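Some notes on the structure that comes next.
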Amino acid sequence: MPLTGIEIFKLLPKTNCGECGVPTCLAFAMNLAAGKAELAACPYVSEESKAKLSEAAAPPIRPVTIGVGDRAIKVGGETVMFRHEKRFENPPGLAILIKDTMDDSEVDGRLERSKLQYERVGLTLRPELIAVKDESGDAKKFEALVNKVKQNSDSDIILMSSSTDSLAAGVKACADRKPLIYAATKDNLETVAELAKGNSCPVAVKASSLEELAELTAKLTEAGLNDLVLDSGTRSLRQAFQDQIIIRSAALNKKFRPLGFPTIVFPCEMTDDPMKEAVIASIFIAKYGGIIVLSDFQGESLFPLLVERMNIYTDPQRPLATTEGIYEIGGPNEDSPVILTSNFSLTYFIVSGEIENSKVPTYLLVKDTEGLSVMTAWAAGKFVADAIAPFIKKCGIADKAKHHKLIIPGYLASESGGLEEELPDWEILVGPREGAHIPAYLKAQKT
Ligand code: SF4
């Protein structure tokens, strides 16, 4: 049983030193009990207390790792129902389905599409998993497909079969990649548990109800298996959605350990319509799929899902920010234009992208606005003449550009007078309001 806040408090040093980020040990204990703090934040807990507190400190939803090395994916580990309470921790893995009844060209096409990736705001977005499914019932055929996937892809692997022989053959082929074994059921629990334990692999548990699911996970944890992934068995959107919420709530709000694991959902088995499938997947990205298996990856649906996932799984307390400084785009020289913008990552990537499009070598000055966009930073008083001028003076641009003309964002037009006063050596030019107008503006400046 998890410990209460008061029980945790009794094990803390009670010095109220505040080094954990809250003013008292009692407040820290309450946060720990609620899964909103990590034990490591207190440097003064004794080893004896640490051992006693380990259960209370463990995330209410266990983090589970699939795969090895740099490409391993961690799912679960969540501590809140809603992103604004703190943040969501580990983005759900997206999997493409490959069946052993597909012909070679179809398999090759899917292997190729499993490598789709996109650059956005400086991040590489890509799906992580391949779900290899035994549909033939032929263990040798399944093993051959697993081998092919392993040799031609560095994606993490889910082995799917209702036959324990096929699962054993699949594990034999790729145990070194630490695949997720799908699935232990009430009919094969002992055999699959042995397979997972013997190969140190995570295992998915499938049941026909949440009650049955909890019974099966309790048996598996008793048998020493802790890296579990939950499949509530339903393939209707309404019920599966409800199950996700009940599982998350039971783990977080009731501290019900048998459901304290990430989930796996199958939009690929909920519809034959690819667009509808993408919409269903988007629902599970928001609430609360741990792994989402799609029938295929197509750019037009995969990219929006990856962007949705990125947006939901960024920390709402930390805007994506770019480092303050001078960015040289296209090899500028002393005659090149100088543009100013904020350090909100999306703003930076839009502005830098448009400068690249213009093919006009340019100095881009990125001012630290604590990750706020131009208008928000201006409204917060972080992107006004008084704040910009010291940055221009100290950043070193005056030594690089001999013309001393500074192009400010169109939305900062009202700051131009203040900047002229603060920077008497500089001519202040008001640039476009929208990034899309930057190329035309820069080209016009040249002529
Ligand atoms: Fe108490 Fe530890 Fe926090 Fe200090 S750091 S207030 S001792 S819980």
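Being a predicted model, the structure only gives us computed values, none of them experimental. For ligands, and for the atoms within them, numbers begin at 1 and follow the listed sequence.
- In summary, the side chains of Gln239 and Asp243 do present a donor paired with an acceptor at a separation below 3.5 Å, with no hydrogens or angles considered.
- The nearest heavy-atom contact from the protein to atom 3 (Fe) of ligand 1 is Cys20 SG, 2.3 Å.
- Glu119 and Thr124 are linked by a side-chain donor-acceptor pair at a separation below 3.5 angstrom, with hydrogens and angles left out of the test.
- Side chains of Glu19 and Tyr44: a donor on one and an acceptor on the other come within 3.5 Å.
- Asn343 has its side chain out of reach of Tyr348: every pair of non-hydrogen atoms, C-beta onward, lies at least 4.5 Å apart.
- If you check which protein heavy atom lies closest to atom 6 (S) of ligand 1, you get Gly18 N, 3.2 Å.
- With a 4.0 Å heavy-atom cut-off, ligand 1 is reached by no atom of Val45.
- Taking the six-membered ring for Trp and thresholds of 30 and 60 degrees, Phe88 and Tyr288 have ring planes more than 60 degrees apart, a perpendicular arrangement.
- Protein heavy atom closest to atom 4 (Fe) of ligand 1, with residue, atom name and distance, is Cys17 SG, 2.3 Å.
- The protein atom (non-hydrogen) at minimum distance from atom 1 (Fe) of ligand 1 is Cys25 SG, 2.2 Å.
- Of all protein heavy atoms, the one closest to atom 8 (S) of ligand 1 is Phe28 CD2, 3.4 Å.
- In summary, Cys42 places no N/O/S atom under 2.8 Å from atom 3 (Fe) of ligand 1, failing the contact criterion.
- Taking the side chain as every heavy atom from C-beta outward, Ile280 and Thr271 approach each other to under 4.5 Å.
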